Amino acid sequence: MSDIEKNIVNTKQGKLQGSRENNLYLFKGIPFAEPPVGKLRWMPPQPAPAWENIRPALRYGNIAPQILMPMGAPFLRGEPEPQSEDCLYLNVYTPGLDNEKRPVMVWIHGGAFSMGSGSEHMFRSGRIAERGNVVLVTLNYRLGALGFLNLDKITGGKIPSTGNEGLLDQVAALEWVRDNIEGFGGDPDNVTIFGESAGGMSVSCLMALPAARGLFHKAIIESAVGAIARPLENSIYTAETFLRIAGISADDTPGLLNLPPEKILKIQPEVAIETDQGEAPCIPVADGVIMPLMPLEAFSKGMAAKVPTLIGSNLDEQKLFSLMNPMHKTMDEPMLKKLLARNVPEENIEMIIDVYKNAKQGRGEIVTPFELYSAINTDIMFRNIVLHIIEARRDQGVPAYNYLFTWKSPAMGGALGAAHALELGFLFGSMDEALCGKGPVVEKISQQMQDAWTAFAHTGNPSCESMGEWPEYGIERKTMIISGDSHVEKAVYEEEREVWSGAGHVDLNKML
């Protein structure tokens, strides 16, 4: 019996034995770096050690330490997965162990840089790999303070973490792909990175990261949030707050290295409250070394990787978060103005509300204070980021394609709309009926997304038979509306877009 018949692949570290499931070869829990434990906590990822015998790749690896989301994270989670600082594992789904050199798609999960994994239930079907004839790689990376805490300056270099160790884990995974993916039927010279939310932010950061240059050739950014990363001074303040709450001095290196991960997880929400940083106190850092510039600045200056880019967002991103807050039921206009004042110059608030109100009324939509808040904050935190990046890509002559996902969830009587993360079930073919709906139209949207994303991985252009011709964004701002009747429109929601380029200007680099 041949190695292929035994599901065996040879890697630089040694031989792996996978399984055959649903017309795919699947290799789970592959170590792509040495476990970042003990003295390697807060250090850059080190090469994975080799092994002598055939290593079974039949079980998913540990996921990074994290606090599970309240309400069970309905978009993402199945059963809880084992957690450990020993978490740097990836998974490979491939249609064939041959020399076909298929495009490789590397998925980077979201979760506010503080939760999630590459082996979440939603990502396990492998349908996108089978349907699109691509090799799919999903990966873990260090999260929260263990992956994104800048301790270098505050400890005088005793712990030289930059706050980007989680990003460097992603780079290490891409290096593993470069060195090994050919044995899994993949093409190391045709790698697409894609991710959603914090995963989309990660893709944006990798495009601005010198260490990642040349490790990928196309990029898909879904629903990246806010400024993508934080300035160095903010990350230093976060580290100072973390140490103060932990009760550990900056020169107590053993105390930091021996701090139980459970205590680190307990401290993170307290840091978020004290620093007023929402759910994500620890995210990538423009430290001037690993990440020379804030990612949005790198895009503006043409210093981000000039690879074909597919980028978009969902129509009602904010509703996933706002509906968790009980005040949405009683929001009035004074509360609306108070909430908007966090991000919008006070003198512009009334004008912005009027623009959105008139635009929504013109389309026959509801204009309650809650609906206005959802639409305005969705654009501030998500769509404006998309437009900033795609217009920079276009102006620099980089192929760039835009989408807006508008399919509305039937959940909560339709109140969720096209909420944050809703598109993931369609993309991975793991639709939850309560969230996504059911029937031929739902299946059609899923197939269209899989076909377009994998067409982009094959050619750098998402046009495909099921979705149709998908033109570049261009000066006409052509956008693929993904819904029950997917189609291209020019200059969608133009009134809302224009308000942010005028008096409603918001400094995107200060968002989040």
Side-chain angles (χ1 to χ4, degrees), residues 4 9-12 16 18 23-27 30 32 90-109 118 123 126-139 170-196 199-200 202-222 304-312 393 396-401 403 427-428 449-467 470 472:
I4 292 178
V9 170
N10 195 31
T11 72
K12 287 199 169 183
L16 290 167
N23 299 318
L24 293 170
Y25 294 94
L26 174 53
F27 294 79
I30 303 172
F32 64 85
L90 57 77
N91 316 292
V92 178
Y93 304 75
T94 179
L97 303 177
D98 50 30
N99 296 315
E100 190 171 324
K101 286 199 169 183
R102 297 167 182 82
V104 182
M105 299 186 71
V106 179
W107 173 251
I108 303 173
H109 72 81
F123 311 141
R127 289 177 192 168
I128 193 170
E130 181 182 1
R131 183 172 177 87
N133 193 30
V134 300
V135 178
L136 173 66
V137 177
T138 67
L139 60 95
Q170 297 169 15
V171 172
L174 290 172
E175 291 173 336
W176 184 94
V177 167
R178 176 198 61 199
D179 295 341
N180 295 288
I181 206 65
E182 197 165 351
F184 297 83
D187 184 355
D189 296 319
N190 187 5
V191 175
T192 298
I193 54 174
F194 68 131
E196 183 269 347
S202 294
V203 171
S204 305
C205 289
L206 291 171
M207 295 173 79
L209 220 65
R213 203 58 51 86
L215 294 174
F216 60 92
H217 313 93
K218 305 177 188 73
I220 302 175
I221 304 170
E222 301 176 34
K306 291 181 171 63
V307 299
T309 305
L310 172 60
I311 180 171
R393 304 267 87 186
Q396 292 152 14
V398 180
Y401 301 87
Y403 74 86
L427 179 58
F428 284 92
M449 289 192 70
Q450 291 180 23
D451 290 348
W453 264 236
T454 56
F456 182 78
H458 277 272
T459 68
N461 184 322
S463 301
C464 57
E465 184 176 348
S466 63
M467 185 78 87
W470 187 331
E472 290 187 37

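These values consider heavy atoms only, across backbone and side chains, with no hydrogens, waters or symmetry-generated copies. Each residue takes its place number in the sequence, starting with 1. This structure is a prediction, so every number in the text was calculated from the model and none was measured.
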K.L.:
Measure the spacing between CD1 of Ile181 and CG of Leu90 and express it to the nearest 0.5 Å.
P.N.:
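Output value for this atom pair is 8.0 Å.
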
K.L.:
Has Lys12 got more than 12 heavy atoms of other residues, nucleotides or ligands less than 6.0 Å from its NZ?
P.N.:
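Open.
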
K.L.:
Is a side-chain N or O of Lys218 found less than 3.5 angstrom from the main chain of Pro308, in a donor-acceptor match?
P.N.:
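Checked: no pair found.
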
K.L.:
Looking at Phe456 versus Trp470, is the centre-to-centre ring distance below 6.0 Å?
P.N.:
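Between Phe456 and Trp470, the centre distance exceeds or equals 6.0 Å.
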
K.L.:
Walk me through it: do Phe27 and Thr11 pass the test side-chain contact (heavy atoms from CB on, under 4.5 Å)?
P.N.:
CA-CA 12 Å; Phe27 294 79; Thr11 72; over 6 Å; no

K.L.:
Report the distance from atom CE of Met467 to atom CH2 of Trp453, rounding to the nearest 0.5 Å.
P.N.:
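One finds 6.0 Å between CE of Met467 and CH2 of Trp453.
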
K.L.:
Can you measure from CG (Asn133) to CD1 (Ile128) and round to the nearest 0.5 angstrom?
P.N.:
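It is 12.5 Å, given to the nearest 0.5 Å.
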
K.L.:
Glu175 versus Phe32: any side-chain heavy-atom pair under 4.5 Å?
P.N.:
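No, side chains not in contact.
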
K.L.:
State, with a plain yes or no, whether a side-chain heavy atom of Val106 is found less than 4.5 Å away from one of Phe216.
P.N.:
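SC-SC contact between Val106 and Phe216 ruled out.
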
K.L.:
Given side-chain contact (heavy atoms from CB on, under 4.5 Å), test Leu206 with Val171 step by step and report yes or no.
P.N.:
CA-CA 8 Å; Leu206 291 171; Val171 172; 3.8 Å; yes

K.L.:
Starting at OG1 of Thr138, measure out to CD1 of Ile108 and round the result to the nearest 0.5 Å.
P.N.:
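Taking OG1 in Thr138 and CD1 in Ile108, the distance rounds to 11.0 Å.
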
K.L.:
Would you name the heavy atoms of Met105 and Phe194 that are closest together and state the gap between them?
P.N.:
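Residues Met105 and Phe194, closest heavy atoms: CB-CE2, 3.6 Å.
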
K.L.:
Can you tell me how far apart CD1 (Ile221) and CD1 (Ile311) are? Round to the nearest 0.5 Å.
P.N.:
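Taking CD1 in Ile221 and CD1 in Ile311, the distance rounds to 4.0 Å.
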
K.L.:
Indicate yes or no for a side-chain donor-acceptor contact from Thr94 to the backbone of Phe184 under 3.5 Å, with no hydrogens or angles considered.
P.N.:
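A pair under 3.5 Å: yes.
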
K.L.:
Write down the atom of His217, the atom of Pro188, and the distance for their closest heavy-atom approach.
P.N.:
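Shortest heavy-atom contact: CE1-O, 3.2 Å.
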
K.L.:
Does CD in Glu182 sit with more than 12 non-hydrogen atoms of other residues, nucleotides or ligands closer than 6.0 Å?
P.N.:
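Check fails, neighbour count at 12 or below.
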
K.L.:
If I compare all heavy atoms of Leu139 with all of His109, which pair ends up nearest, and what's the gap?
P.N.:
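In terms of heavy atoms, the two residues are closest at O-CD2, 3.5 Å.
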
K.L.:
Take Trp176 and Ile30 through the test side-chain contact (heavy atoms from CB on, under 4.5 Å) and record every step on the way to the result.
P.N.:
CA-CA 10 Å; Trp176 184 94; Ile30 303 172; 3.7 Å; yes

K.L.:
Write down the atom of Val135, the atom of Val92, and the distance for their closest heavy-atom approach.
P.N.:
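Heavy-atom minimum between the residues: CG1-CG1, 3.8 Å.
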
K.L.:
Give a yes-or-no answer on whether the side chains of Ser463 and Asn461 include a donor-acceptor pair shorter than 3.5 Å.
P.N.:
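Side-chain D/A pair, Ser463 to Asn461: present.
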
K.L.:
Kindly indicate whether the side chain of Leu427, heavy atoms from C-beta on, has any atom under 4.5 Å from the side chain of Glu222.
P.N.:
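With C-beta onward as the side chain, the pair touches.
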
K.L.:
Check whether any side-chain heavy atom of Leu24 lies under 4.5 Å from a side-chain heavy atom of Pro95, and answer yes or no.
P.N.:
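Contact flag for Leu24/Pro95 side chains = yes.
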
K.L.:
Is the shortest heavy-atom distance from the side chain of Ile193 to the side chain of Gln170 under 4.5 Å?
P.N.:
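In short, these two side chains do not touch, never coming nearer than 4.5 Å.
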
K.L.:
For Asp451 and Cys464, work out which heavy atoms get closest and say how close.
P.N.:
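Smallest heavy-atom distance, with atoms named: CB-SG, 3.7 Å.
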
K.L.:
Would you check if the side chain of Thr192 reaches a backbone N or O of Asn190 as a donor-acceptor pair within less than 3.5 Å?
P.N.:
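Checking the backbone N and O of Asn190 against the side chain of Thr192, no donor-acceptor pair under 3.5 Å is found.
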
K.L.:
Can the ring centroids of Trp107 and Phe123 be said to lie less than 6.0 angstrom from one another?
P.N.:
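Yes, ring centres under 6.0 Å apart.
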
K.L.:
If every non-hydrogen atom of Gly96 is compared with every non-hydrogen atom of Arg102, which pair is closest and at what distance?
P.N.:
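Between these two residues, the closest heavy atoms are O-NH1, 3.3 Å.
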
K.L.:
Determine, step by step, whether Val203 and Ile220 satisfy the side-chain contact (heavy atoms from CB on, under 4.5 Å) criterion, reporting the C-alpha distance in whole Å, the side-chain angles of both residues, the deciding distance to 0.1 Å, and the verdict.
P.N.:
CA-CA 7 Å; Val203 171; Ile220 302 175; over 6 Å; no

K.L.:
Would you compute the distance between atom OG of Ser466 and atom CZ of Arg131 and round it to the nearest 0.5 angstrom?
P.N.:
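So the gap between those two atoms works out to 6.0 Å.
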
